[in-house]
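Notes follow once the structure below has been shown.
As the structure is a computational prediction, the values presented were derived from the model and not from experiment. Sequence positions, counted from 1, serve as the residue numbers for this chain.
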Amino acid sequence: VVGSVLGTVRVTGLPPAKGQELDLAAVTHQAGALVQHIGAYAVSHCRVAWNVRLLYRDADCPTMYYGEVGIIVADHDASGLGRPRVIKLPEASDMLGSEWAPRSLALTPDSRRCLVRNKYRVLIVDLEQAALEARLETGWKVVHSLAWSHSIDLVALGLSGEVALFRLSDGEFLGWRSTPPGDVTCVCVGGGYLAEVTENDVLQVVRVDARRPPVDWPLVRRESLSCHRVLKETEASLSDAAPLLAVRQRRKQVLVLDLRSGSTQLLRRHTDRVELVRFIQGGRVLVTADADNRVMFWPLSGGRLVTGS
């Protein structure tokens, strides 16, 4: 959990203490900049990253400032947070306006790269080289959701009535896939599948086939999720270890769909609205979290998730 007030963030759950405070304003000041805004953040097993809007004083006119988008990165281990560093992204100056400001930040599983999403595009930033690696453009179509997979080298952007697909390794555009009508509010990739959920609660799952263009990827499943009482703008995750799709529902439940057999499984042990659904450890464990601050881990065994007693 990361919170920010006036340039100071607090990171909780890091050893050895219960939390650490980090003055991002001081970090950027050392880089010759001021923090104008702290935006989205992302956390992985070894790294924390924040998207920030920076202000620099104009050398020729001291009363004038110019803006720049940046990322602050801090590694963490058993001893706590390491020294943060600032990555400047002058190529992303078109993300400074409120309409184009970054809306989400995500770290890849190896924590070497992050994906920065704004209203119309996604940036892939190499954190090791401190450089912009690729810009995923949608032709000024609004990006409603984002997913990626290392195992099949794919990035999927959910738009309105379609999904734009790119290669994660180099950002090359692969093609478009049509979806049922409506904004694609959730998209996920894993286990060789691509799943899309629209604002009308329609689920569509296709099999990713690198030998064919995306428009020809075979349809595996299409159904309405309305009868399953799925939340609007839902969270979903695909497993890399089994053909399972986990989707959060209303009433404190998580729905798990078996994409091969068509069977379903309900996870009912949460005490409040589920906020997070994500497969980890290569898809062998599903982690879910709710608004009651309860985090639960569901291991995979025999093609199903173990629910306990």
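Remark: Arg304 fails to qualify as a cation-pi partner of Trp298 under the 6.0 Å distance and 45° angle criteria applied to the six-membered ring. Remark: Arg284 fails to qualify as a cation-pi partner of Phe279 under the 6.0 Å distance and 45° angle criteria applied to the six-membered ring.
Considering CG of Leu127 and CD1 of Ile71, their distance stands at 6.0 Å, rounded to 0.5 Å. Here the OG1-NE2 distance, from Thr108 to His150, works out to 4.0 Å after rounding to the nearest 0.5 Å.
Using a 4.5 Å cut-off between side-chain heavy atoms of Ile, Leu, Val, Met, Phe, Trp and Tyr, with links allowed through other members, Leu203 and Leu259 fall into the same hydrophobic cluster.
Scanning both residues, Asp75 and Arg47, for their nearest heavy atoms gives OD1-NE, 2.6 Å. Here the closest non-hydrogen pair linking Val295 and Ala289 is CG2-CB, 4.0 Å. The two residues Glu196 and Val184 come nearest to each other via the heavy atoms CB-CG1, 4.1 Å.
Partners of Arg212 by side-chain contact (heavy atoms from CB on, under 4.5 Å), not counting sequence neighbours, listed by chain and number: Asp209, Asp216, Trp217, Pro218.
Ion pairing between Arg113 and Asp126 fails under the 4.0 Å rule for side-chain N and carboxylate O. Looking at Arg121 and Glu137, a side-chain N of the basic residue comes within less than 4.0 Å of a carboxylate O on the acidic one, giving a salt bridge.
Remark: of the listed residues Arg248, Arg268, His270, Arg268 is the sole one forming a side chain to side chain donor-acceptor pair (under 3.5 Å) with Gln253.
Residues His144 and Ser160 have side chains that never bring a donor and an acceptor to within less than 3.5 angstrom of each other. Looking at Asp183 and Thr185, their side chains never bring a donor and an acceptor atom within 3.5 Å of each other. For the residue pair Ser224 and Asp201, no side-chain donor N or O sits within less than 3.5 Å of a side-chain acceptor on the partner. Residues Ser237 and Arg278 have side chains that never bring a donor and an acceptor to within less than 3.5 angstrom of each other.
Atom CG of Asn293 sits in a sparse spot, with 12 or fewer heavy atoms from other residues, nucleotides or ligands closer than 6.0 Å.
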Considering only distance and modelled atom types, tabulate donor-acceptor pairs under 3.5 Å from the side chains of residues 173-181, sequence neighbours left out.
| from | atom 1 | to | atom 2 | distance (Å) |
| --- | --- | --- | --- | --- |
| Arg177 | NH1 | Pro214 | O | 2.8 |
| Thr179 | OG1 | Gly161 | O | 3.3 |
| Thr179 | OG1 | Glu162 | N | 3.3 |

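Counting heavy atoms from C-beta on, the side chains of Val256 and Asp258 never come closer than 4.5 Å.
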Test ring pair (Phe, Tyr, Trp, His ring centres under 6.0 Å) on Tyr120 and Trp140 and set out the steps.
CA-CA 5 Å; Tyr120 301 110; Trp140 298 103; 5.2 Å; yes
